[in-house]
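The first residue of the sequence shown is numbered 1, and numbering continues consecutively from there. Both counts, for ligands and for their atoms, begin at 1 and track the order of listing.
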Amino acid sequence: MTPVSQPEPLLDVRRLSIDFQTEAGMVRAVNEISFTVHRGEIVGLVGESGAGKSLTSEAILRLIRCPPGLLSGEIRYRGIDLLSLKDAELAKMRGKEIAMIFQNPMSSLNPVFRIGAQLLEAMTLHLSEATAQLRARVIDLLQRVGIPSARERAKDYPHQFSGGMSQRAMIGMGISCAPSLLIADEPTTALDVTIQAQILSLIRRLATETNTAILLVSHDLGIISQMCSRVMVMYAGKIVEEAPISTIFHAPAHPYTRGLMDSIPQIDRPATQLYPIPGTMPGLRDIPRGCRFHPRCTLSDQTCVEVEPELRQLDQAHWAACHKAQPGGFNQDA
Ligand SMILES: Nc1ncnc2c1ncn2[C@@H]1O[C@H](COP(=O)(O)OP(=O)(O)OP(=O)(O)O)[C@@H](O)[C@H]1O
Ligand SMILES: [Mg+2]
């Protein structure tokens with residue numbers, strides 16, 4: 001999917017699939033998805049709850065507990081195949097090369113250790129510097145992520161931090177070793193709206209300073225639009241559209257993306273003009289034949305019911321998996 005003129009991507013995911021054994025048999029939660037992230041780029045992965053966003057992002061660092069063979073495809077980071085890397089080698093990359101921030105900071109911080117000590121431990125793993133120097137770095141880091149009185153607050157335990165402060169500390173931990181790739185899975189969903197905006201601008205500022213690429217996972221196209229230059233839209237385990245953010249907003253080519261756009265509240269649009277997508281995303285055991293979106297799609301016809309659309313290139317950086325998709329939008333009459 002990478003245009004020929006682009007340099008080698010930092011992250012190159014090819015035909016990634018994730019299967020689970022369930023009581024009702026095997027289900028495919030992520031279905032042959034391919035995408036790239038380039039150095040310093042902020043890319044969004046958006047989609048409804050259950051689309052497979054977290055599984056995709058967790059697969060990159062092999063954080064999914066799933067028997068061998070049920071995760072297939074290739075995940076290359078700087079050309080190295082992460083799926084076949086030895087555990088010890090992957091552990092060296094975690095945090096240093098590729099870091100991850102999760103939705104709920106409280107579940108990532110250990111309640112029995114002081115915040116400063118946890119940051120120090122994370123840094124000690126990857127940076128070979130004297131402890132005194134690392135301690136100074138921890139304070140500096142807490143200051144950079146906006147923790148007031150950082151020297152004192154480093155001695156706090158996680159329960160003494162508010163949700164926003166904990167997430168700042170987690171971001172500090174995430175960027176402490178200046179990783180080349182940061183995977184942020186719903187990093188602000190647990191926070192209230194004003195804090196969300198602060199945290200997002202913090203992530204963006206720090207990423208720019210360290211030229212860190214970000215894979216930003218969110219169900220919220222509004223958040224994605226503030227942060228990302230390029231977006232991938234995921235539906236029921238597949239990427240159904242990929243395009244620069246302006247194209248997604250002005251000329252979405254997949255009816256699902258269009259539905260996501262129409263359901264975003266906007267200041268100049270009364271609530272009566274919101275058009276939520278009818279129906280719900282299918283469960284993993286009920287993925288329909290043909291286009292997986294067709295039961296919810298107002299444009300679907302017999303072809304959509306029978307033939308699964310491939311992700312097709314519509315324009316230089318625009319791809320969509322829809323029979324009706326065409327450059328500049330979709331064809332309602334086709
Ligand atoms: N261990 C597992 N066994 C079986 N199914 C799983 C497992 N983990 C995840 N799933 C299923 O895979 C699908 C994708 O899950 P995932 O957590 O990636 O969704 P998501 O897009 O991140 O959703 P959300 O926005 O709610 O975080 C869901 O239907 C989920 O129930
Ligand atoms: Mg998720």
Location of contacts on Lys53 toward ligand 1, heavy atoms closer than 4.0 Å: both
Part of Ala29 with heavy atoms under 4.0 Å of ligand 1, whether side chain, backbone, both or neither: side chain
Passing option when Ile75 is tested against Leu11, Leu85, Thr56, Asp12 for side-chain contact (heavy atoms from CB on, under 4.5 Å): Leu11
Protein contact for atom 7 (C) of ligand 1 (heavy atom, distance under 4.0 Å): yes
Between Phe293 and His254, ring centroids under 6.0 Å: yes
Sidechain-backbone polar pair: Thr212 side chain, Pro179 backbone, donor-acceptor under 3.5 Å: yes
Backbone N/O of Tyr157 and side chain of Gln160: donor-acceptor pair under 3.5 Å: yes
State whether the shortest distance between N or O atoms of [X] and N or O atoms of ligand 1 falls below 3.5 angstrom.
| X | answer |
| --- | --- |
| Leu55 | yes |
| Ser49 | yes |
| Gly52 | yes |
| Thr56 | no |

Identity and distance of the protein heavy atom lying nearest atom 28 (C) of ligand 1: Gly50 O, 3.9 Å
From Glu32 atom CD to Glu310 atom CD, the distance as rounded to the nearest 0.5 Å: 8.5 Å
Test item: side-chain donor near acceptor, Arg204 and Gln226, under 3.5 Å: no
Presence of N, O or S from Ser54 under 2.8 Å of the Mg ion (ligand 2): yes
Ser54 neighbourhood, listing ligand 1 atoms whose heavy-atom distance to it stays under 4.0 Å: 17 (O), 18 (O), 20 (P), 22 (O), 27 (O)
